[in-house]
Amino acid sequence: MKVESVRGMRDILPEETPLWQKLEAEIRAAFALYGYGEIRVPLVERVELFSRGVGEETEVVDKQMYVFPDRKGLQLALRPEATASVVRAYVEHGLHAKGDLAKLSYLGAMFRYEKPQLGRQRQFHQYGVEAIGSLDPALDAEVMDVSAYLMEKLGLDRRGLTLRLNTIGCRQDREPYREALRLHFLPRASQLCPDCQRRLVGNPLRILDCKRPQCQSAIMAAPKSSDYVCEACQGHFHQVQDYVKALDIRFELDHTLVRGLDYYTRTVFELCSRDLGAQDALLGGGRYDDLVELLGGPATPAIGFAGGMERLVLLLEPPETQQERGGVPLDVYVIPVGDDQHSRSMAASILMRLRRARLVSDAEYKGRSLRKAMQVASNRAHFVVLVGPDELAEGKAKAKDLITGVPFEVEFHWFSDAEALRGFFQREISPHAARGQPSDPEHEKPPL
RNA sequence: GGGAGCGUAGCUCAGUUGGCAGAGCACCACGCUGUGGCCGUGGCGGUCGCGGGUUCAAGUCCCGUCGCUCCUCCCA
């Protein structure tokens with residue numbers, strides 16, 4: 001019976017993992033450079049963490065969350081995002097009591113039950129930071145700067161990226177602004193799309209987010225949140241902008257940017273790429289000054305962002321994925337010749353010794369003909385070592401440098417001396433590079 | 001959630017008005033018996049996504065379903 005993967009969940013095959021590993025390394029390095037320590041929180045949490053933290057009314061919680069009871073009937077959820085979990089951990093472990101600003105980073109799988117498409121899977125991966133314990137607008141700018149730094153390090157073209165910035169005010173500002181929006185949209189309700197007519201009742205903020213043409217004129221004329229927030233929030237927002245400018249980050253104000261999660265306050269931002277199609281948000285974040293208190297901690301301001309790994313992979317994936325299909329580039333390929341057990345045991349032993357000498361090695365396990373095995377060796381390895389009855393009789397293995405074509409022999413006793421062994425197979429240049437520019441033109445290969 | 005397109009060999013794809021399921025690449029063997037890259041010959045490989053229906057006959061037409069892709073939506 002063939003069992004297939006679950007919709008929206010995909011495998012990352014060895015050809016692709018090097019890119020993922022590189023991204024993960026860059027992300028961790030950037031976060032560490034900015035002073036964020038990695039936290040690893042569970043993939044599974046109690047449902048109420050998200051329904052209360054992220055918001056019952058949000059699409060993420062209401063429509064997209066994986067929810068299931070455990071064996072005792074406790075309602076659990078696969079995390080749809082990480083901020084709520086990180087804040088839960090912050091409160092649970094009393095990190096606030098340590099007095100310092102908590103700067104935490106994470107990288108891992110999230111789950112949302114959505115219609116999959118390019119750049120959007122049901123299991124996907126997010127990286128992000130949370131800085132909990134300060135209202136300093138310089139910190140808002142710092143969080144944006146980590147992401148800017150990361151994009152630079154990944155070599156993403158600035159011109160393809162847009163940072164959008166807005167403020168949605170604090171808790172106290174929210175209701176007056178909602179009222180203002182209701183007042184604005186109510187007379188125009190008939191020209192809004194059905195979705196927005198519904199939003200008008202429940203969450204008028206989300207109308208600003210609507211992309212439908214019929215709603216645009218009403219949205220353009222809508223009151224701006226930045227005009228409705230209190231003096232303190234206005235001041236904060238202006239300072240954030242000053243800092244962001246000081247850090248040389250290009251941005252545009254977008255008063256329709258409201259974000260989909262309920263916990264956001266004051267600063268919100270989003271980085272989009274024009275090279276991503278419909279799913280163009282690379283990362284997004286903002287302040288959540290009430291969340292710690294909401295989840296049972298002391299009133300503590302905080303800010304963070306999260307980015308999607310899959311979308312970075314899309315932007316960075318080389319157009320021609322037809323890479324080395326042979327797998328890991330090898331230093332040595334060992335071919336046992338003949339099928340007598342003695343030769344095969346010697347070959348196995350030699351392979352083990354090569355690896356103890358830190359030479360990346362593999363052997364012919366598929367029983368291919370010698371000719372075929374040599375072909376495989378030349379595609380995958382720098383050196384080949386042959387072990388068969390003849391070699392056993394002579395007490396030495398036959399070997400060949402597959403780049404220069406120069407054959408040589410290795411006495412068996414050398415294999416037990418790791419340092420000497422490395423000497424035999426010294427590589428001045430990596431097999432990869434070497435294959436691009438062979439020293440002997442006679443053995444030049446066609447370009448890969 | 002709404003709309004559209006596409007599912008044929010491991011991969012990329014042909015397949016005519018319904019009439020024996022194909023090519024290239026890859027893989028394997030041999031030419032060349034224990035020494036790679038080139039060339040040649042042959043071979044392996046398919047529930048035509050799945051399930052129904054129409055038909056003497058379905059990869060092809062119809063219905064359903066699953067998956068992928070795109071738009072919309074949402075967002076990472």
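Predicted model, so just to flag it, every value in this text is computed and none were measured. Every chain is numbered from 1, with letters handed out A, B, ... down the list of sequences.
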Residue-phosphate contact under 4.0 Å: Arg212(A) side-chain N/O, G2(B) OP1/OP2: no

Could you tell me which nucleotide pairs with C6(B) by Watson-Crick or G-U wobble geometry, both distances under 3.5 Å, or answer none if nothing does? G67(B)

Could you label the plane-to-plane angle of the Tyr127(A) and Phe305(A) rings as parallel, tilted or perpendicular, counting under 30° as parallel and over 60° as perpendicular? perpendicular

Please classify the nucleic acid contact of Leu386(A) as base, sugar-phosphate, or nothing, using heavy-atom distances under 4.0 Å. base

Of Leu314(A), Leu315(A), Leu156(A), the residue whose pairing with Asp275(A) passes side-chain contact (heavy atoms from CB on, under 4.5 Å): Leu315(A)

Whole Å only: how far is the CD1 atom of Ile207(A) from the P atom of C73(B)? 15 Å

Which class fits the ring pair Tyr34(A) and Tyr149(A): parallel under 30°, tilted 30 to 60°, perpendicular over 60°? tilted

Looking at G24(B), which nucleotide sits across from it as a Watson-Crick or G-U wobble partner, both distances under 3.5 angstrom, or is there none? C11(B)

Assign Gly119(A) to base, sugar-phosphate, or nothing according to its heavy-atom contacts below 4.0 angstrom with the strands shown. base

For a quick check of understanding: with a heavy-atom distance under 4.0 Å over all strands, which category does Gly285(A) fall into, base, sugar-phosphate or nothing? nothing

Taking the same atom, C1', in A9(B) and in C27(B), what whole-Å distance lies between them? 12 Å

Got a donor-acceptor pair under 3.5 Å from the side chain of Glu4(A) to the base of C66(B)? no

Check the surroundings of atom CD in Gln216(A): do more than 12 heavy atoms from other residues, nucleotides or ligands lie under 6.0 Å from it? yes

Grab the CD-C1' distance between Gln375(A) and U35(B) for me, whole Å please. 12 Å

For a quick check, tell me whether the side chain of Arg311(A) and the base of C75(B) share a donor-acceptor pair closer than 3.5 Å. yes

Within the modelled atom types, does a donor on one side and an acceptor on the other bring the side chain of Gln121(A) and the base of A76(B) under 3.5 Å apart? no

Nearest whole Å is fine: how far is A76(B) P from Met151(A) CE? 14 Å

For Ala397(A) and Ile350(A) the tightest heavy-atom approach is CB-CD1, 4.5 Å

Tell me, do Tyr264(A) and Ile168(A) make a side-chain contact under 4.5 Å, heavy atoms counted? yes

Using a 4.0 Å heavy-atom cut-off, does Ala306(A) contact any base of the nucleic acid, only the sugar-phosphate backbone, or nothing at all? sugar-phosphate

How far does the P atom of G59(B) sit from the matching atom of C48(B), given to the nearest Å? 7 Å

If the P atom of C63(B) is compared with that of U54(B), how far apart are they to the nearest Å? 15 Å

Heavy-atom nearest nucleotide on RNA chain B for Tyr264(A) versus Gly338(A): which residue maps closer to 5'? Gly338(A)

Sugar-phosphate, base or nothing in reach of Lys115(A), heavy atoms under 4.0 Å: base

Gln117(A) CD to A4(B) P: how many Å, rounded? 16 Å

Decide yes or no, distance alone: a donor-acceptor N/O pair under 3.5 angstrom between the base of C75(B) and the side-chain of Asp209(A). no

Could you check whether the side chain of Arg206(A) and the base of C74(B) have a donor-acceptor pair of N or O atoms closer than 3.5 Å, going by distance alone? no

Go through G1(B), C75(B), C74(B) for me and flag the one nearest to the Asp280(A) side chain. C75(B)

If I take atom CE in residue Met374(A) and atom P in nucleotide G37(B), what distance separates them, rounded to the nearest angstrom? 9 Å

Any base atoms under 4.0 Å from Leu282(A), or only sugar-phosphate, or nothing? Heavy atoms, all strands. sugar-phosphate

With a 4.5 Å cut-off on side-chain heavy atoms, are Phe31(A) and Val146(A) touching? yes

For Glu15(A) and G10(B), what is the distance between atoms CD and C1' respectively, to the nearest whole Å? 11 Å

Re C30(B): Watson-Crick or G-U wobble partner, both distances kept under 3.5 Å, found to be G40(B)

Donor-acceptor pair under 3.5 Å, Arg120(A) side chain vs C74(B) base: yes

Tell me whether the guanidinium CZ or amine NZ of Arg353(A) lies under 6.0 angstrom from the six-membered ring centre of Phe415(A) and within 45° of its axis. no

C1' atom, G3(B) versus U47(B): distance in rounded Å? 32 Å

With rounding to the closest Å, how many angstrom separate the P atoms on G53(B) and A58(B)? 12 Å

Can you tell me how the ring of Phe408(A) sits relative to the ring of Phe383(A), calling it parallel under 30°, perpendicular over 60° and tilted otherwise? perpendicular

Value in whole Å for how far the P atom of C38(B) lies from CZ of Arg371(A): 13 Å

Does Ser378(A) have a side-chain nitrogen or oxygen under 4.0 Å from the phosphate oxygens OP1 or OP2 of G37(B)? no

How far, in whole Å, is G24(B) from U8(B) if one measures between their C1' atoms? 15 Å

Does the plane of the ring in Tyr177(A) sit parallel, tilted or perpendicular to the ring in Tyr228(A)? Use 30° and 60° as the thresholds. tilted

Base G36(B) paired with Lys400(A) side chain (donor-acceptor, <3.5 Å): yes

P spacing across the pair C6(B) / G45(B), given as an integer number of angstrom: 31 Å

Report which part of the nucleic acid Lys398(A) touches: base, sugar-phosphate, or nothing (heavy-atom distance under 4.0 Å, all strands). base

Taking any heavy-atom pair under 4.0 Å as a contact, classify Gln279(A): base, sugar-phosphate, or nothing. base

Nearest-Å distance once atom C1' is located in both A14(B) and G51(B): 27 Å

Give one of base, sugar-phosphate or nothing for Arg122(A), where a contact means two heavy atoms less than 4.0 Å apart. nothing

Name the nucleic acid region contacted by Gly260(A), choosing base, sugar-phosphate or nothing; use a 4.0 angstrom heavy-atom cut-off, strictly under. sugar-phosphate

Any strand is fair game: report the nucleotide pairing with G59(B) by Watson-Crick or G-U wobble, both distances under 3.5 Å, or none. none

Spacing of Asn379(A) atom CG relative to G37(B) atom P, expressed in whole Å: 10 Å

For U17(B), what is the paired nucleotide under Watson-Crick or G-U wobble rules, both distances under 3.5 Å? none

Hunt down the Watson-Crick or G-U wobble partner of C75(B), both distances under 3.5 Å, from any strand shown, or write none. none

What nucleotide among U35(B), A29(B), C73(B) has an atom nearest to a side-chain atom of Leu370(A)? U35(B)

Would you indicate what Arg368(A) reaches in the nucleic acid, counting non-hydrogen atoms under 4.0 angstrom: base, sugar-phosphate, or nothing? sugar-phosphate

First encountered from the 5' end of RNA chain B, between Tyr113(A) and Gly284(A): Tyr113(A)

Describe the nucleic acid contact of Pro389(A) in one word from base, sugar-phosphate, nothing, applying a heavy-atom distance below 4.0 Å. base

Quiz item: Arg7(A) side-chain donor-acceptor pair to C66(B) base, under 3.5 Å: no

